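Bear in mind that the values here come from a model prediction, so they are computed numbers and not experimental data. Nothing fancy with the numbering, it's 1 onward along the sequence. Worth knowing before you read on, the calculation uses all heavy atoms, side chains too, and leaves out hydrogens, waters and symmetry mates.
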Amino acid sequence: MPTVVLGGFTLLIVVSLLFAASTSGATFGIYNDAWDGTSNLRSVTEGTGANPQVAHETTAYSQVNPNDTVGIILSPDETYSTADRVRLQRFIRRGGTLLVAGDYRTQTNHLLSMLGTDARLDGRPIRDERRHYRSPAMPIADNVSNQSLVSNVSALTLNHGTVVSPRGATVLVDTSEYGYLDVNQNQKLDDDETISSMPVATVEQIGAGRVFVVSDPSVLINTMLDRPGNRAFVRAVIGNHGTVVLDYSHTSQIPPLKLAVLIIRESALWQLLVGCGCLSLILLWTQRPSGVTQRWNALMARCSDQPPDRVDGQFSSMSESAMVSYLQEQHPNWDAVRIQRIVTAYREERSK
């Protein structure tokens, strides 16, 4: 029983560690199945007929056909390097489509500046006392333009988002005329805060490609995808593209085990190293010393109430009394009835 309990406890620990290493609780995480994750985003992309690819490096943009690919970046929390900028600019200028969604983090505007877009995120909270879902902090932006890109979109529902400063970009969706920026963040409309319709989604042409900017990454989280217009907007951006790059290259939202699988899948060298390592372990096990085999068999025999030395023939050559004495010496905690039962069962089996 102690062996069984220890084995069960060890198995529980291993399973728990594997689960923790393969899932994520990070907000906007693609491997987060909770309300604030984006695991459902993969299903939405598959529903359009596109092939979703999780990217942990911007090199992913160099391995796809730009004209047939949409990249999605949600609220990056790390600064993009010069090499990253070059890859993204090349992807867009050659016909790629990029959706960038952010709110208050400065890295999003830094990325937009690197890409050469006109649009920027304002960074102040947007509220709407009239047109909202559950609370004014969740405005329903239902002023949709007549652009063909959003012909099937009725609205965008935000969740503590901000607004976009277009500065020349084409506005796709605005809040209602009752929207206002909560400048002092006291969650109410003050005398010095003006209500008006404000942009929350834009698009602009860069080279042969396009960049969409959305003022709230929460639009794409699991619990918000089914809110008015959000799922339709994602589908409109993806359109007829065959590939969607879910770019998590500048966040810490990919769990270790999933990241390891992605790295191995993308690298022929790592696949070779892992394959050689597995073969080496198999060869080492098959060529293990006899002493290891004996100790392993002894352990297995002990777990199954069988005589430890049965495999090498020593036990079989003993008399019944010698078997009893041997087992009493090897297992002083076993009672006489148990020892006699094992010896009797063993001798009966040998006599068959």
Side-chain angles (χ1 to χ4, degrees), residues 19-20 22-48 50 52 54-55 70-77 99-105 107-108 121 123-144 150 152-164 172-176 178-179 182 185 187 198-201 212-238 244-248 250-255 258:
F19 179 79
S22 59
T23 58
S24 171
T27 302
F28 311 127
I30 192 66
Y31 298 105
N32 179 2
D33 295 326
W35 69 272
D36 59 346
T38 55
S39 57
N40 291 344
L41 182 58
R42 187 196 299 265
S43 301
V44 174
T45 59
E46 291 173 341
T48 66
V54 179
V70 175
I72 297 179
I73 300 176
L74 302 181
S75 191
D77 52 25
L99 168 62
V100 180
D103 42 28
Y104 312 118
R105 290 176 177 171
Q107 286 86 352
T108 305
L121 298 177
R124 294 173 292 180
I126 180 66
R127 293 173 62 85
D128 191 321
E129 302 290 341
R130 296 284 188 92
R131 294 288 295 144
H132 60 257
Y133 172 76
R134 290 188 175 177
S135 82
M138 303 178 70
I140 298 178
D142 54 4
N143 280 335
V144 182
V150 288
N152 294 322
V153 179
S154 60
L156 270 182
T157 306
L158 277 60
N159 182 4
H160 293 81
T162 182
V163 297
V164 181
L172 296 177
V173 184
D174 290 287
T175 67
S176 77
Y178 299 102
D182 187 13
Q185 300 185 31
Q187 301 183 5
M198 303 181 191
V200 296
F212 291 83
V213 178
V214 178
S215 64
D216 183 10
S218 298
V219 167
L220 280 73
I221 64 176
N222 295 334
T223 194
M224 294 296 294
L225 274 174
D226 290 328
R227 303 284 74 84
N230 292 356
R231 187 182 297 265
F233 182 82
V234 175
R235 288 174 173 168
V237 173
I238 295 174
V244 176
V245 175
L246 304 173
D247 185 351
Y248 289 86
H250 286 70
T251 67
S252 55
Q253 298 166 352
I254 300 182
K258 295 292 186 180

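Nearest heavy atoms, T162 versus D103: CG2-O, 3.5 Å.
Between L121 and V164, some side-chain heavy-atom pair lies under the 4.5 Å cut-off.
In this structure D174 satisfies the side-chain hydrogen bond (donor to acceptor under 3.5 Å, both in side chains) test with no other residue, sequence neighbours excluded. Considering only residues two or more places apart in sequence or on other chains, S154 meets the side chain to side chain contact (heavy atoms under 4.5 Å, CB included) condition with none of them. S135 pairs by the side chain to side chain contact (heavy atoms under 4.5 Å, CB included) definition with A137, M138, not counting sequence neighbours. Listed by chain and number, the residues in a side chain to side chain contact (heavy atoms under 4.5 Å, CB included) with P125 are Y104, D182, Q185 (sequence neighbours excluded). Under the side-chain hydrogen bond (donor to acceptor under 3.5 Å, both in side chains) criterion, R130 pairs with Y178, not counting sequence neighbours. For D142, the salt bridge (Lys or Arg N to Asp or Glu O under 4.0 Å) partners two or more places apart in sequence, or in a different chain, are R131. Every residue was checked against the salt bridge (Lys or Arg N to Asp or Glu O under 4.0 Å) condition with R227, not counting sequence neighbours, and none meets it. A232 is linked by a side chain to side chain contact (heavy atoms under 4.5 Å, CB included) to V153, counting only residues two or more places apart in sequence or in another chain. Scored by the side-chain hydrogen bond (donor to acceptor under 3.5 Å, both in side chains) test, S39 finds D33, N222 as partners (sequence neighbours excluded). With sequence neighbours left out, S176 forms a side-chain hydrogen bond (donor to acceptor under 3.5 Å, both in side chains) with D128.
Each of V237, V234, V245 was compared with V70 under the side chain to side chain contact (heavy atoms under 4.5 Å, CB included) criterion, and only V237 meets it. Among I73, V214, L74, the single residue meeting the side chain to side chain contact (heavy atoms under 4.5 Å, CB included) criterion with L99 is V214.
The OG1 atom of T223 lies 8.0 Å from the CG atom of N159; values are rounded to the nearest 0.5 Å.
Between the side chain of R105 and the main chain of S75, a donor-acceptor pair closer than 3.5 Å is present. Side-chain N or O atoms of T175 include one that pairs as donor or acceptor with a backbone N or O of M198 at under 3.5 Å.
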